[in-house]
Visitor: 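Take a look at the following structure, please.
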Amino acid sequence: MKGRRNDDSEDNGFAKWGGYMAAKKSKLEQQFSANPRPEADGGGIFAGVAIFVNGYTRPTAEELKQLMLRHGGTYHHYRSRATTHVIAANLPDSKVRQLKGTDRVVRPEWVAESVAAGRLLDHRDYLLCPARPCGQARLGFPPAVPAPARLASDDNFLEEFYSNSRLHHISTMGAAFKQYVGELRAAGRGSFPGLERLQAAGRHRDGDDGDDDLFGEPGSAPGDRVIMHVDMDCFFVSVGLRARPHLRGLPVAVTHARGEACPCSPGRAETRQQERECYRQRLKERLGEQASVPDDAVPGGSMSEVASCSYEARRAGVTNGMLLGAALALCPALRTMPYDFEGYQEVARALYDTVAEYTLDIEAVSCDEMFVDCTELLRRAEVTPLEFATVLRREIRERTGCTASTGLGPSPLLARLATRRAKPDGQFLLEASEAEGFLRDVAVGDLPGVGRSVASRLAARGVSTCGQLQKLSLAALQAQFGARTGLALHRHCRGVDDRELHTSGQHRRKSVSAEVNYGIRLADRGRADAFLRRLAGEVAGRLAALGLAGRSVALKLMVRAKDAPVETAKFLGHGVCDNVTRSSSLAAPVADAEAIAREVLGLARQIAAPPAEWRGVGIQVSRLEARTAPSHGLERFLAAPRGSEEPRPSTDRVVTLSQVDPSFLEALPDDVRQEVEASLARGGRDSAEELSTDMPLREAETVLREWARTQRRPEPYDIYLLADYAERLAALGRADTLLAVLRLLRECTAHKQDDAWREACQSVEDCAQETMLRVHGEELAV
DNA sequence: ATCCTCCCCTAC
DNA sequence: TAAGGTAGGGGAGGAT
């Protein structure tokens, strides 16, 4: 995932201005640096790390010293204040206690495996003495104070929450790869090296035996589709195992917690029981039956969720989504691994790039899953579906270090069902003629669109397999589930699916939202309003990145249910809640944080739930439209002498695609890259109007006008937009315009110098400087 | 009929 | 401790 605002939102998006600018600067350095990586040999991963080795270790102290020195770290012969980590293999208890801060006493594997992984792994994963989650209070000592937890009312809450939320990452990575496929298609790559390799291999083989019959079914009609479903095996675990070969073959799970028993919340088990009972009552009211609620928690066990678990763990009964405490009860040998969101991004990118060497008829489902229409590719390569699957899976394994499974069939539905049979690390072809027999024993829950709710309603009618489902009439299904859902069930359980792959990027977004249902503990109205404002800022940032505005704003609150315990069993969780949504439709589309916040504050007042009872907050903007172009673009404004609207001929030089270093394009955030590629494809002749139709540009114009005209202190948001604008100009190679922006910035606003102002100038200057060097090969004379 | 609002459900 | 997001499909029921 590119470090884009909507992924790594800072606070309300902008409060951490210094941090944002620092990050932006280092990103620019990376993007434009002539030498992309200062240490090509993989060094530098220990920059800032200083180790002291205590006692005997393997690797030995001397070897560790060499590793540190070779990879940018420091080795201390004596432990000093500057020592960041103590390396030890095992220490007597007395020694451990003597070493203050056992949170920095790390097993030697940390060093070796970081080197193997090519980056600094989280040392917390290698602690010699993993911290007791809760301090061991002893009689006579003051009670241990738990580490301060970040609440929604804290300044950096949003940033921290989003950076740790697996669901947020799953969602944004999915969107990013859908866009990536769209970009690849838009770029219209003409060559498919993978396909060419296949063709070459085929020609070679033909010469050997002259056997031409490689199409599989000789009688298959030429119009028949071959759809392949590609899905990485337990993705998060597979990525983590690359750097932890010693865990291969063991039951492993990716979780936040590490699973030590937590004796600090003795009331948790009872709380959980209360929550279960409360939940059961509500289910009873809704469904009119005595629904049973499974006991998913273990007294004293971790409430952290298993994001992904290995097949060894699954054999012991562990499933994704299970609470870690319960998973450990089923599988005491279960080993946990921390998240590695950057790693997921990298591997996913390699996965997509691998498939894209064969075809761009790809529908991205998520970061680790896609449909591929292989019809054309198989015809051109003259290989059978399973031959291609074998080649592709081997290549994915070689390029990512992770395994994928593939299912093949005449439709997305059958391809997907085939994958279930193929997993793990396998492939399976499901022919149309076999579909009916195959489906008979497929669980209804395996059909798309059949989740917990539909499955349990079907189970109430004694239906758990597709074979049983086939016996229900269309009318009966539609009566219970509605017209569309009923029809889909009726068709899918028979293997009928004529859905087209959704491969191109002509998809129109319908809503943009941000939601937090964790850590929401807002003591009073003031804090609630402040949080709503921050969340509104987050949504505004996402809208800005997409160039969209919307005419409907909705607020969703999760409110503690009447009988639910005030403190949840899961730490800072939402517990059992009522969901409430209110929306307001607007005459004019909104996109800025203030306007969204205004609506949302009004809606919150309408809902009238006491903020102290809120357990979740979400803001959604819908009925979207592209932001309208301004009357005149920023470039024209800048190009004109100040005080005049007369356009001045631009001296910007035109850049063409061949002049652009591909690695530079690659380093750009997705949306900027798309814009640049589109622009370059048009011959690099963006008119001011075209450029200005992009909303951030229009807002940047407003920023500069406002700064020039008023005494108002620049808002961080304004500066953010300006920096964004500068980056776009840099991407387009418009050094002259950047200079104009810089000049204007200095002339018009020098009287309000402060840190933000200086950083804004610096950012624009950096962009200009780099652009001059890159495009014109000249130093910038400032 | 068709639209709108407020949900619920599903998928990753 | 723990990080329970996000977009889209669709249904119920009321307004037009």
Side-chain angles (χ1 to χ4, degrees), chain A residues 6-7 131-135 146-147 149-152 157-175 177-178 231-232 235-236 255-265 268 286 300-305 307-308 320-321 323-325 339 364-370 416 445 447-455 457 478 480-488 507-520 538-539 542 552 554 556 558 567-575 577-585 615-616 618-620 622-623:
Chain A
N6 53 344
D7 315 324
R132 268 314 116 66
C134 314
R150 225 175 254 299
L151 294 171
F157 172 78
L158 267 189
E159 179 184 17
E160 198 164 312
F161 172 70
Y162 277 133
S163 75
N164 285 306
S165 164
R166 76 178 194 283
L167 290 172
H168 171 75
H169 280 94
I170 287 170
S171 188
T172 47
M173 282 193 291
F177 281 101
K178 282 172 191 174
D231 194 353
M232 302 296 283
F235 185 52
F236 287 8
T255 58
H256 278 294
R258 311 209 339 122
E260 290 88 10
C262 184
C264 65
S265 54
R268 173 183 277 176
R286 276 229 333 253
S302 167
M303 301 285 286
S304 181
E305 275 179 44
S308 173
N320 291 351
L323 299 184
L324 178 57
Y339 289 85
V365 176
S366 71
C367 65
D368 77 321
E369 182 184 344
M370 68 185 92
R416 183 171 233 146
L447 294 180
V450 179
R452 242 179 10 166
S453 169
V454 173
R457 279 187 280 170
Q478 290 184 316
Q480 181 165 11
F481 297 101
R484 315 278 307 233
T485 310
L487 179 60
H507 167 75
R508 286 186 72 88
R509 247 270 232 293
K510 290 179 174 160
S511 68
V512 172
S513 66
E515 188 170 344
V516 179
N517 300 312
Y518 178 84
I520 302 295
E538 176 68 31
V539 174
R542 295 181 193 186
S552 175
K556 181 193 141 193
M558 295 185 79
E567 254 330 311
T568 54
K570 190 194 198 78
F571 179 66
L572 294 185
H574 57 59
C577 285
D578 295 312
N579 292 338
V580 204
T581 305
R582 285 288 174 283
S583 61
S584 73
S585 56
R615 293 293 180 268
I619 296 174
Q620 184 191 62
S622 55
R623 290 163 71 189

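Owing to the predicted nature of the structure, the values given are computational and were not obtained by experimental measurement. Chain naming here is simple, since letters A, B, ... match the order of the sequence lines and numbering starts at 1 in each.
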Visitor: So, OP1 or OP2 of C:dA3: does either fall under 4.0 Å of a side-chain N or O from A:H168?
Guide: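 No, because none of the side-chain N or O atoms of A:H168 sits under 4.0 Å from OP1 or OP2 of C:dA3.
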Visitor: Produce the list of close N/O pairs, under 3.5 Å, pairing protein atoms with atoms of nucleotides 3-5 of chain B; give distances to one decimal.
Guide:
none

Visitor: Is A:K178 near enough to B:dC12 that one of its side-chain N or O atoms lies under 4.0 angstrom from OP1 or OP2?
Guide: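 A:K178 to B:dC12 OP1/OP2: no side-chain N or O under 4.0 Å.
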Visitor: Can you tell which of B:dC8, C:dT1, C:dA3 lies closest to the side chain of A:F571?
Guide: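 Nucleotide nearest to A:F571's side chain: C:dT1.
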Visitor: Using the C1' atoms of five pairs at each end, what's the angle between the two axes of the helix from B:dA1-C:dT16 to B:dC12-C:dG5, to 10 degrees?
Guide: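 What I find for the helix from B:dA1-C:dT16 to B:dC12-C:dG5 is an axis angle of 10°.
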Visitor: Quick test of the criterion, 5.5 Å between centres and less than 30° between planes. Is A:H256 stacked on C:dA3 or not?
Guide: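 By the stated criterion, A:H256 and C:dA3 do not stack.
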Visitor: Mapping A:G486 and A:H574 to their closest nucleotides on DNA chain C, which lands nearer the 5' end?
Guide: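 Of the two residues, A:H574 wins.
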Visitor: Please work out whether the ring planes of A:Y518 and A:F161 are parallel, tilted or perpendicular, with thresholds of 30° and 60°.
Guide: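 Correct class here is parallel.
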Visitor: When you check the gap from the basic side-chain N to the acidic O, do A:E159 and A:R150 get nearer than 4.0 Å?
Guide: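 Answer for the salt bridge query: no.
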Visitor: Please list, chain by chain and in numerical order, all residues satisfying ring pair (Phe, Tyr, Trp, His ring centres under 6.0 Å) with A:F481, sequence neighbours excluded.
Guide: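 Applying ring pair (Phe, Tyr, Trp, His ring centres under 6.0 Å) to A:F481 gives none.
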Visitor: Looking at A:R416, does any N or O in its side chain come under 4.0 Å of the phosphate oxygens OP1/OP2 on B:dC12?
Guide: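 Yes.
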Visitor: Check every atom of C:dA2, B:dC12, C:dA3 against the side chain of A:S366 and return the nucleotide holding the closest atom.
Guide: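 From the listed options, B:dC12 comes nearest.
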Visitor: List for me each residue that meets ring pair (Phe, Tyr, Trp, His ring centres under 6.0 Å) alongside A:H574, sequence neighbours excluded, and say none if there are none.
Guide: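 Ring pair (Phe, Tyr, Trp, His ring centres under 6.0 Å) check on A:H574 returns nothing, list empty.
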Visitor: Taking N or O atoms only and anything under 3.5 Å, show me the protein contacts with nucleotides 7-10 of chain C, one pair per line.
Guide:
unit_1: C:dA7; atom_1: OP2; unit_2: A:S513; atom_2: N; d: 2.9
unit_1: C:dA7; atom_1: OP2; unit_2: A:S513; atom_2: OG; d: 2.5
unit_1: C:dG8; atom_1: OP1; unit_2: A:H507; atom_2: NE2; d: 2.7
unit_1: C:dG8; atom_1: OP2; unit_2: A:K510; atom_2: N; d: 3.1
unit_1: C:dG8; atom_1: OP2; unit_2: A:S511; atom_2: N; d: 3.2
unit_1: C:dG9; atom_1: OP2; unit_2: A:K510; atom_2: NZ; d: 2.7

Visitor: Who are the side chain to side chain contact (heavy atoms under 4.5 Å, CB included) partners of A:S552, not counting sequence neighbours?
Guide: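 A:S583, A:S622, A:R623.
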